[in-house]
Amino acid sequence: MTTAPTIPASVAVDGRSNLRAAPMIAVRGLKKRIGPQDILRGVDLSVAAGETLVIIGRSGGGKTVLLKNLIGLMQPNEGEIWIDGQSIIGLGERQLEAIRRKVGILFQGGALFDSMTVEENIAFPLREAGERDGRVIERKIAEMLEVIELEGQQKKMPVNLSGGMKKRVGLARAIINQPSCILYDEPTAGLDPVVSDSINRLIRRLQERYHVTSVVVTHDMKNAFHVGDRIAYLHEGRIYFHGTPAEIQASPDPLIQDFLIGRAALAD
Ligand SMILES: Nc1ncnc2c1ncn2[C@@H]1O[C@H](COP(=O)(O)OP(=O)(O)OP(=O)(O)O)[C@@H](O)[C@H]1O
Ligand SMILES: [Mg+2]
């Protein structure tokens with residue numbers, strides 16, 4: 001069996017070289033073609049345990065596709081993906097389920113089950129993982145409702161929730177199995193500034209409370225600077241730039257600056 005690659009010096013976390021040995025997520029030369037489109041053209045990424053990496057990039061650039069590859073919902077055409085030291089390429093559905101217990105994902109649209117109540121949605125991964133003890137399930141649901149600040153809303157159906165509430169329920173579902181890693185796909189998109197701030201605070205609280213490794217895909221630069229230890233810019237299928245929030249802000253590269261101030265978005 002081969003071992004997980006160590007983080008190359010070029011992507012090691014600044015001043016935290018002790019994190020180099022054990023990336024929670026390592027991606028090498030990842031390529032993904034869908035139909036005639038080369039979506040990912042050789043993505044290299046490392047995320048150290050406990051670190052938060054923010055991925056930014058233009059709409060349609062392949063951010064969601066990248067996250068789906070990380071948990072085996074899509075298979076790459078080429079490249080390597082290592083999660084917590086284990087290669088996930090070619091794993092069967094059962095082994096991928098074990099990976100997905102380690103890596104929770106908040107899908108871009110929340111992706112709640114419409115026919116289930118809030119508490120049934122939140123408890124779904126617990127039941128999938130084989131938990132049958134009603135008291136344990138009840139206690140964990142209550143804990144999650146407290147974390148997402150939706151106490152008293154557990155009997156509601158998704159159709160009766162606001163966009164921000166749905167996102168928070170999706171988040172509770174992503175974290176109830178206490179994954180060591182959470183992938184967030186646009187956690188604040190379409191939400192008003194107050195709700196966005198509460199989601200950002202929630203992401204921070206999860207980092208602090210559960211010490212999770214996080215990958216946050218966002219268009220929202222305020223969000224990116226608020227939660228990210230490092231920021232990676234996905235451009236034309238590759239990581240075009242990565243660095244700390246301060247480094248990306250200081251970058252003289254016009255492509256980066258255009259993205260940061262939103263000109264690229266206007267050109268879409
Ligand atoms: N299941 C699929 N079938 C066909 N094409 C797909 C599929 N999933 C994604 N794509 C295509 O891959 C490209 C990248 O899509 P993706 O959803 O990853 O973009 P994104 O960077 O997440 O964009 P956004 O910021 O708008 O969410 C798009 O051209 C999209 O149409
Ligand atoms: Mg997307």
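Both ligands and their constituent atoms are indexed starting at 1 by order of listing.
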Within reach of ligand 1, part of V65 (heavy-atom separation under 4.0 Å): both
Option of least heavy-atom distance to atom 26 (O) of ligand 1 (set: S59, G35, A189): S59
R33, CZ atom: more than 12 neighbouring heavy atoms under 6.0 Å: no
The Mg ion (ligand 2) neighbourhood, protein N/O/S only, threshold under 2.8 Å: T64 OG1, Q108 OE1
Within-4.5 Å side-chain heavy-atom neighbours: K31 and P76: no
Which residue and heavy atom of the protein sit nearest atom 17 (O) of ligand 1, plus the separation: T64 CB, 3.6 Å
Any N or O of M74 closer than 3.5 Å to N or O of ligand 1: no
Mutual orientation of the aromatic rings belonging to Y233 and Y240 [parallel < 30°, tilted 30-60°, perpendicular > 60°]: perpendicular
Ligand-side contact atoms (ligand 1) for residue partner Q37, heavy atom cut-off under 4.0 Å: 29 (O)
Closest approach of any protein heavy atom to atom 23 (O) of ligand 1, naming residue and atom: G60 N, 2.7 Å
Close side-chain approach of L96 and I71, heavy atoms under 4.5 Å: no
Close side-chain approach of F225 to I248, heavy-atom, < 4.5 Å: yes
Charged N-O contact under 4.0 Å between D185 and K63: no
Closest approach of any protein heavy atom to atom 27 (O) of ligand 1, naming residue and atom: Q108 NE2, 2.8 Å
Close side-chain approach of L171 to L202, heavy-atom, < 4.5 Å: yes
Ligand 1 atoms in contact with H219 (distance to a heavy atom under 4.0 Å): 25 (O)
Short N-O contact, E119 and K155, less than 4.0 angstrom: yes
For R58, the ligand 1 atoms whose distance to one of its heavy atoms is below 4.0 Å: 21 (O)
Geometric N/O contact G61 with ligand 1, under 3.5 angstrom: yes
Numbering as shown, the atoms of ligand 1 that approach I39 to under 4.0 Å (heavy-atom distance): 12 (O), 13 (C), 14 (C)
Mutual orientation of the aromatic rings belonging to F113 and F124 [parallel < 30°, tilted 30-60°, perpendicular > 60°]: tilted
E97, CD: over 12 other non-hydrogen atoms inside 6.0 angstrom: yes
Minimum-distance protein heavy atom relative to atom 25 (O) of ligand 1: K63 NZ, 2.8 Å
Heavy-atom side-chain proximity of S46 to R28 below 4.5 angstrom: yes
R204 vs H226 side-chain heavy atoms within contact, under 4.5 Å: yes
Top protein contact for atom 3 (N) of ligand 1, by heavy-atom distance: I34 CG2, 3.8 Å
Flag: protein heavy atom within less than 4.0 Å of atom 14 (C) of ligand 1: yes
Contact (N/O only, under 3.5 Å) between G57 and ligand 1: no
Q108 and T64: side chain donor to acceptor below 3.5 Å: yes
